[in-house]
Amino acid sequence: MNTDEFWKLVDEARAEGGGANAVAGRAAAVLETRDPAEIVGCDQHIRRVLGASYRVDLWGAAYLINGGCSAEGFDAFRGWLMTQGRQAYAKAVSDPDSLAELPAVRRAAATGEEFECEAMLDVARVAHHKATGVELPKVTPRQPELNDFWDFDDEDQVRRHLPKLAELFQEPPE
């Protein structure tokens, strides 16, 4: 499965609307009808997408939006972000502050909604088991080193790194 095929699968799953878990469920259902090698390829692609988005500023954005963010929470946040589609994902990876433009994130500033979708990370595993009756081989992704962490609780640093999100989440809502 290549990049275009992966994001086409996500788009197909998003077409009916619904929340992130519904999108993940539909993606798994579509994927389970495919050849097992393609399902394994999807899992590999999900791991590549996660690796490419393992960035400090994106983690800071997830921390700010969700009111805190552990390593597992960051993975689940990026699973949610995948369900938002290719354009939103790519834009957030290159400019995490662009998340402030997403209507769901803007609403979350007022409602406190948190964004996580661990189910999206397991789409290939679920599909592979349903298609073959066999567990997908477990792969532990290699994460790049993150040596440039900044203090996600320091309001000045947040404003410097993520000014649009800081405006949404640090300022009282009007």
Side-chain angles (χ1 to χ4, degrees), residues 1-63 65-66 69-108 111 113-144 146 165:
M1 177 171 281
N2 66 32
T3 299
D4 291 334
E5 292 167 337
F6 172 75
W7 289 111
K8 184 178 180 199
L9 172 70
V10 172
D11 286 344
E12 287 175 27
R14 293 181 72 226
E16 292 182 40
N21 286 320
V23 171
R26 285 192 297 273
V30 169
L31 193 58
E32 74 184 56
T33 66
R34 308 241 177 114
D35 183 82
E38 190 172 355
I39 298 171
V40 171
C42 179
D43 187 59
Q44 292 169 343
H45 192 75
I46 288 170
R47 303 300 154 223
R48 282 193 299 270
V49 169
L50 284 172
S53 63
Y54 193 75
R55 301 170 45 99
V56 170
D57 282 353
L58 186 58
W59 197 330
Y63 187 94
I65 292 166
N66 283 349
C69 189
S70 66
E72 293 82 16
F74 184 44
D75 288 344
F77 176 83
R78 291 177 295 153
W80 169 82
L81 190 53
M82 280 182 213
T83 69
Q84 304 308 296
R86 184 179 195 167
Q87 183 178 11
Y89 199 91
K91 193 170 185 180
V93 169
S94 68
D95 176 16
D97 206 30
S98 71
L99 287 164
E101 299 164 12
L102 293 178
V105 172
R106 297 186 73 73
R107 279 191 310 274
T111 66
E113 181 181 2
E114 294 182 16
F115 300 112
E116 295 184 341
C117 187
E118 193 173 329
M120 190 61 199
L121 307 177
D122 291 330
V123 162
R125 184 188 58 75
V126 169
H128 192 272
H129 189 265
K130 285 186 178 180
T132 67
V134 178
E135 293 295 322
L136 188 65
K138 184 95 171 148
V139 176
T140 304
R142 291 180 40 185
Q143 300 290 3
L146 293 178
L165 287 169

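Counting from 1, the numbers follow the sequence of the chain as shown.
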Student: Considering residues, nucleotides and ligands other than Arg48, do more than 12 of their heavy atoms fall under 6.0 Å from its CZ?
Tutor: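 Yes, because the 6.0 Å sphere around CZ of Arg48 holds more than 12 heavy atoms from other groups.
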
Student: Please enumerate all residues that pass salt bridge (charged side-chain N to carboxylate O under 4.0 Å, His left out) together with Asp122, with sequence neighbours excluded.
Tutor: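 Partners of Asp122 by the salt bridge (charged side-chain N to carboxylate O under 4.0 Å, His left out) criterion, ordered by chain and then number, come out as Arg125.
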
Student: Kindly compute the distance separating CD (Gln84) from CG (Leu99), expressed to the nearest 0.5 Å.
Tutor: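 If I round to the nearest 0.5 Å, the distance is 9.5 Å.
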
Student: Out of the candidates Trp80, Phe6, Trp7, only one should pair with Tyr89 under the ring pair (Phe, Tyr, Trp, His ring centres under 6.0 Å) rule; please name it.
Tutor: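 The single option meeting the ring pair (Phe, Tyr, Trp, His ring centres under 6.0 Å) with Tyr89 is Trp7.
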
Student: From Glu116 CD over to Leu81 CG, what is the distance, rounded to the nearest 0.5 angstrom?
Tutor: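 Glu116 atom CD to Leu81 atom CG measures 13.0 Å (nearest 0.5 Å).
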
Student: Carefully, step by step, assess Leu121 and Met82 under the rule side chain to side chain contact (heavy atoms under 4.5 Å, CB included).
Tutor: CA-CA 9 Å; Leu121 307 177; Met82 280 182 213; 4.0 Å; yes

Student: Under 3.5 Å, side chain of Glu12 to main-chain N/O of Leu9, donor-acceptor pair present?
Tutor: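 Judged by distance alone, no pair lies under 3.5 Å.
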
Student: To the nearest 0.5 Å, what is the distance between CG on Asn66 and CZ on Phe74?
Tutor: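 One finds 11.0 Å between CG of Asn66 and CZ of Phe74.
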
Student: Would you confirm whether the ring centroid of Trp59 sits within less than 6.0 angstrom of the ring centroid of Phe77?
Tutor: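 No - the distance between ring centres of Phe77 and Trp59 does not fall below the 6.0 Å cut-off.
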
Student: Looking at every non-hydrogen atom in both residues, tell me the closest pair between Phe115 and Ala108 and how far apart they are.
Tutor: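 Scanning both residues completely, I find the closest heavy atoms to be CE1-CB, 3.5 Å.
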
Student: Side-chain contact test, heavy atoms from C-beta onward, threshold under 4.5 Å: evaluate it for Arg78 versus Met120 and give yes or no.
Tutor: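 Answer no - side chains too far apart.
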
Student: Measure the CD-CD distance between Glu38 and Glu5 for me, rounded to the nearest 0.5 Å.
Tutor: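 If we round to the nearest 0.5 Å, Glu38:CD and Glu5:CD are 6.0 Å apart.
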
Student: When rounded to the nearest 0.5 angstrom, what is the spacing between CE in Met1 and CD1 in Ile39?
Tutor: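 Interatomic distance, Met1 CE to Ile39 CD1, rounded to 0.5 Å: 8.5 Å.
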
Student: Taking the side chain as every heavy atom from C-beta outward, state whether Val10 and Thr83 have any atom pair closer than 4.5 Å.
Tutor: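 Contact flag for Val10/Thr83 side chains = no.
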
Student: For residues 81-97, which residue pairs qualify under salt bridge (charged side-chain N to carboxylate O under 4.0 Å, His left out), counting only residues two or more places apart or in two chains?
Tutor: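 Salt bridge (charged side-chain N to carboxylate O under 4.0 Å, His left out) check on residues 81-97 returns Asp4-Arg86, Lys91-Glu101.
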
Student: Would you say His128's side chain and Val134's backbone share a donor-acceptor pair under 3.5 angstrom?
Tutor: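 Yes.
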
Student: Would Val49 and Thr3 satisfy side chain to side chain contact (heavy atoms under 4.5 Å, CB included), going step by step from the backbone distance to the final call?
Tutor: CA-CA 9 Å; Val49 169; Thr3 299; over 6 Å; no

Student: If you look at every heavy atom in Ala127 and Ala28, which pair is closest and at what distance?
Tutor: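 For Ala127 versus Ala28, the nearest heavy atoms are CB-O, 3.5 Å.
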
Student: Looking at every heavy atom in both Asp43 and Ala124, which two are closest together, and how far apart are they?
Tutor: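 Here Asp43 and Ala124 meet closest at CB-CB, 3.5 Å.
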
Student: What's the shortest heavy-atom distance between Leu58 and Val93, and which atoms?
Tutor: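 Smallest heavy-atom distance, with atoms named: CD2-CG2, 4.4 Å.
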
Student: Roughly how far, to the nearest 0.5 Å, is the CZ atom of Arg26 from the CD atom of Glu16?
Tutor: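 The distance works out to 4.5 Å.
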
Student: How far apart are the closest heavy atoms of Asn21 and Ala119, and which atoms are they?
Tutor: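 Closest approach of Asn21 to Ala119, heavy atoms only: OD1-CB, 3.6 Å.
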
Student: Could you tell me which non-hydrogen atom of Ala100 sits nearest to which non-hydrogen atom of Val105, and how far apart they are?
Tutor: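 So the minimum-distance heavy-atom pair works out to CA-CG1, 4.4 Å.
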
Student: Is it the case that atom CD in Glu114 sees more than 12 heavy atoms from other parts of the structure closer than 6.0 Å?
Tutor: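 Buried by this count: over 12 neighbours within 6.0 Å.
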
